[in-house]
Amino acid sequence: YNDFRSMTPLEIVQEVQQIRREAPLVVFTGGEPMLWERPLAEVARIIQSKQPNTWFEVETAGVIEPKILHIIPYLSFNVSPKLSSSGNEGRARINSRALRFFSELEKEKQAVFKFVVTREYLQQDIQEICELRDKYNLRSIFLMPAGSTPEEVVEGCRELVGVCCEYGWRLTTRLHIELWGNKRGK
């Protein structure tokens with residue numbers, strides 16, 4: 001997918017409106033949206049000036065603490081900290097201050113936590129999620145299986161159902177993989 005280009009907040013809003021005139025939910029995702037917090041806040045402000053009841057969701061790894069986005073009405077965070085099995089290291093993976101901030105937002109129903117779990121490291125991943133849950137008092141936890149094919153995702157979901165039932169967590173799938181496979185830009 002090579003259609004990356006620099007855009008102003010107003011150009012982004014116009015692009016969103018071409019896709020759908022009135023989108024009830026706008027999701028900021030891809031890479032790390034929190035790197036672009038100020039422009040995203042401006043996009044949300046412009047959209048809400050035209051459609052006041054629009055909801056926003058920011059999909060983030062939870063390593064950057066919000067400075068302004070969290071005060072926007074109808075905005076929540078889908079925080080997906082990277083587990084050690086992801087191969088990421090140190091602060092690229094866990095930022096304690098940011099996770100504490102997001103756990104406070106969770107109390108206000110402004111954040112949920114989603115963990116991508118690998119079949120190869122299932123027990124290690126679950127243990128690490130429990131440690132993060134306890135350290136940061138996380139309660140709204142979703143598990144998502146790693147996988148780049150529909151078959152891997154379905155098999156991963158089957159393995160995680162029991163874990164979710166045991167711990168009282170929720171299971172989510174990778175719908176984009178199930179619909180389009182591992183294609184960028186979908």
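We use all heavy atoms of the structure for the numbers below, so side chains are in, but hydrogens, waters and symmetry mates are not.
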Checklist entry - Heavy-atom distance under 4.5 Å between the side chains of P9 and I46, does that happen here? => result yes
Item to check | Worked verdict on F113 versus R139 for side chain to side chain contact (heavy atoms under 4.5 Å, CB included) | outcome: CA-CA 8 Å; F113 293 85; R139 295 295 166 246; over 6 Å; no
Item to check | Atom of E32, atom of G62 and distance for their closest heavy-atom approach | outcome: OE1-N, 4.3 Å
Next on the checklist: Could you check whether atom NZ of K67 has more than 12 heavy atoms from other residues, nucleotides or ligands sitting under 6.0 Å from it?
Outcome noted: yes
Item to check | Distance (rounded to the nearest 0.5 Å) between L99 CG and E104 CD | outcome: 12.0 Å
Checklist entry - For the residue pair I94 and V63, what are the closest heavy atoms and their distance? => result N-CG1, 4.3 Å
Next on the checklist: Could you go through N78 and T29, starting from their C-alpha distance and side-chain angles, then the distance that decides it, and tell me whether this counts as side chain to side chain contact (heavy atoms under 4.5 Å, CB included)?
Outcome noted: CA-CA 10 Å; N78 182 332; T29 187; over 6 Å; no
Next on the checklist: As an exercise, state the distance from CD of E178 to NE2 of H176, rounded to the nearest 0.5 Å.
Outcome noted: 9.5 Å
Next on the checklist: Please say yes or no: joined through hydrophobic side-chain contacts below 4.5 Å, possibly via intermediate residues, are L122 and V154 part of one cluster?
Outcome noted: no
Checklist entry - Mind checking what makes ring-ring contact (aromatic ring centres under 6.0 Å, His included) contact with W36, not counting sequence neighbours? => result none
Checklist entry - Which is it for T54 and Y74 under the side chain to side chain contact (heavy atoms under 4.5 Å, CB included) test, yes or no, and what are the steps along the way? => result CA-CA 7 Å; T54 302; Y74 307 115; over 6 Å; no
Item to check | From CA spacing to verdict: side-chain hydrogen bond (donor to acceptor under 3.5 Å, both in side chains), Q18, Q14 | outcome: CA-CA 6 Å; Q18 283 181 4; Q14 290 167 343; over 6 Å; no
Checklist entry - Are I47 and I12 co-members of a hydrophobic cluster defined by side-chain heavy atoms under 4.5 Å apart? => result yes
Item to check | salt bridge (Lys or Arg N to Asp or Glu O under 4.0 Å) assessment of R93 paired with E128 | outcome: CA-CA 12 Å; R93 207 169 59 72; E128 191 173 346; 2.7 Å; yes
Next on the checklist: Using the rule that Ile, Leu, Val, Met, Phe, Trp and Tyr join whenever any side-chain heavy atoms are under 4.5 Å apart, tell me whether L75 and I64 fall into a single cluster.
Outcome noted: yes
Item to check | Non-hydrogen side-chain atoms of M144 and V117 separated by less than 4.5 Å | outcome: no
Item to check | Exercise: identify the closest heavy-atom pair between V79 and A111 | outcome: CG2-CB, 4.4 Å
Next on the checklist: Run the ring-ring contact (aromatic ring centres under 6.0 Å, His included) test against F56 and tell me which residues pass, sequence neighbours left out.
Outcome noted: F28
Checklist entry - Does a side-chain heavy-atom distance below 4.5 Å link W180 with L175? => result no
Checklist outcome for this item: Output for pair (T173 OG1, L143 CG), nearest 0.5 Å, gives 12.5 Å
Item to check | Pair R170, S140: side-chain N/O donor-acceptor within cut-off below 3.5 Å | outcome: yes
Checklist entry - For the atom pair OG1 (T149) and CG (N182), what is the distance rounded to the nearest 0.5 Å? => result 9.0 Å
Item to check | Heavy-atom closest pair, residues I72 and A44 | outcome: CD1-CB, 3.9 Å
Checklist entry - Among pairs that include at least one residue of residues 34-63, which meet salt bridge (Lys or Arg N to Asp or Glu O under 4.0 Å), considering only residues two or more places apart or in two chains? => result E42-R45
Checklist entry - Can L171 and V161 be said to form a side chain to side chain contact (heavy atoms under 4.5 Å, CB included), step by step? => result CA-CA 7 Å; L171 178 64; V161 166; 3.6 Å; yes
Next on the checklist: Ring centres under 6.0 Å, that's the criterion: do F102 and F77 meet it?
Outcome noted: yes
Checklist entry - Would E159 and R119 count as a salt bridge (Lys or Arg N to Asp or Glu O under 4.0 Å) if you check the C-alpha gap in whole Å, the side-chain angles of each, and the deciding distance to 0.1 Å? => result CA-CA 8 Å; E159 287 189 30; R119 294 174 69 196; 2.7 Å; yes
Next on the checklist: To the closest 0.5 Å, what do you measure between OH (Y136) and OG (S96)?
Outcome noted: 2.5 Å
Checklist entry - In terms of side-chain heavy atoms, does Y121 have a donor or acceptor partner in S84 at a distance below 3.5 Å? => result no
Checklist entry - Can you check whether E155 reaches E151 side chain to side chain, under 4.5 Å on heavy atoms? => result no
Item to check | Backbone of N53 reached by a side-chain donor or acceptor of Q48 within 3.5 Å | outcome: no
Checklist entry - Going by heavy atoms in the side chains, are P66 and F101 under 4.5 Å from each other? => result yes
Next on the checklist: Hydrophobic clustering (ILVMFWY, side-chain heavy atoms < 4.5 Å, transitive) - are L40 and V13 grouped together?
Outcome noted: yes
Next on the checklist: For the residue pair D125 / S85, report whether a side-chain donor-acceptor contact shorter than 3.5 Å exists.
Outcome noted: yes
Checklist entry - Between E65 and N95, is any pair of side-chain heavy atoms under 4.5 Å apart? => result no
Item to check | Interatomic distance, K114 atom NZ to S80 atom OG [nearest 0.5 angstrom] | outcome: 4.5 Å
Next on the checklist: For a quick test of reading the model, state the closest non-hydrogen atom pair linking T118 to A146 and the distance between them.
Outcome noted: CG2-CB, 3.9 Å
Item to check | Verify same cluster id: V116, Y167 (apolar side-chain graph, 4.5 Å) | outcome: no
Item to check | Minimum-distance pair of heavy atoms, taken over all atoms of K82 and S86 | outcome: CB-OG, 3.5 Å
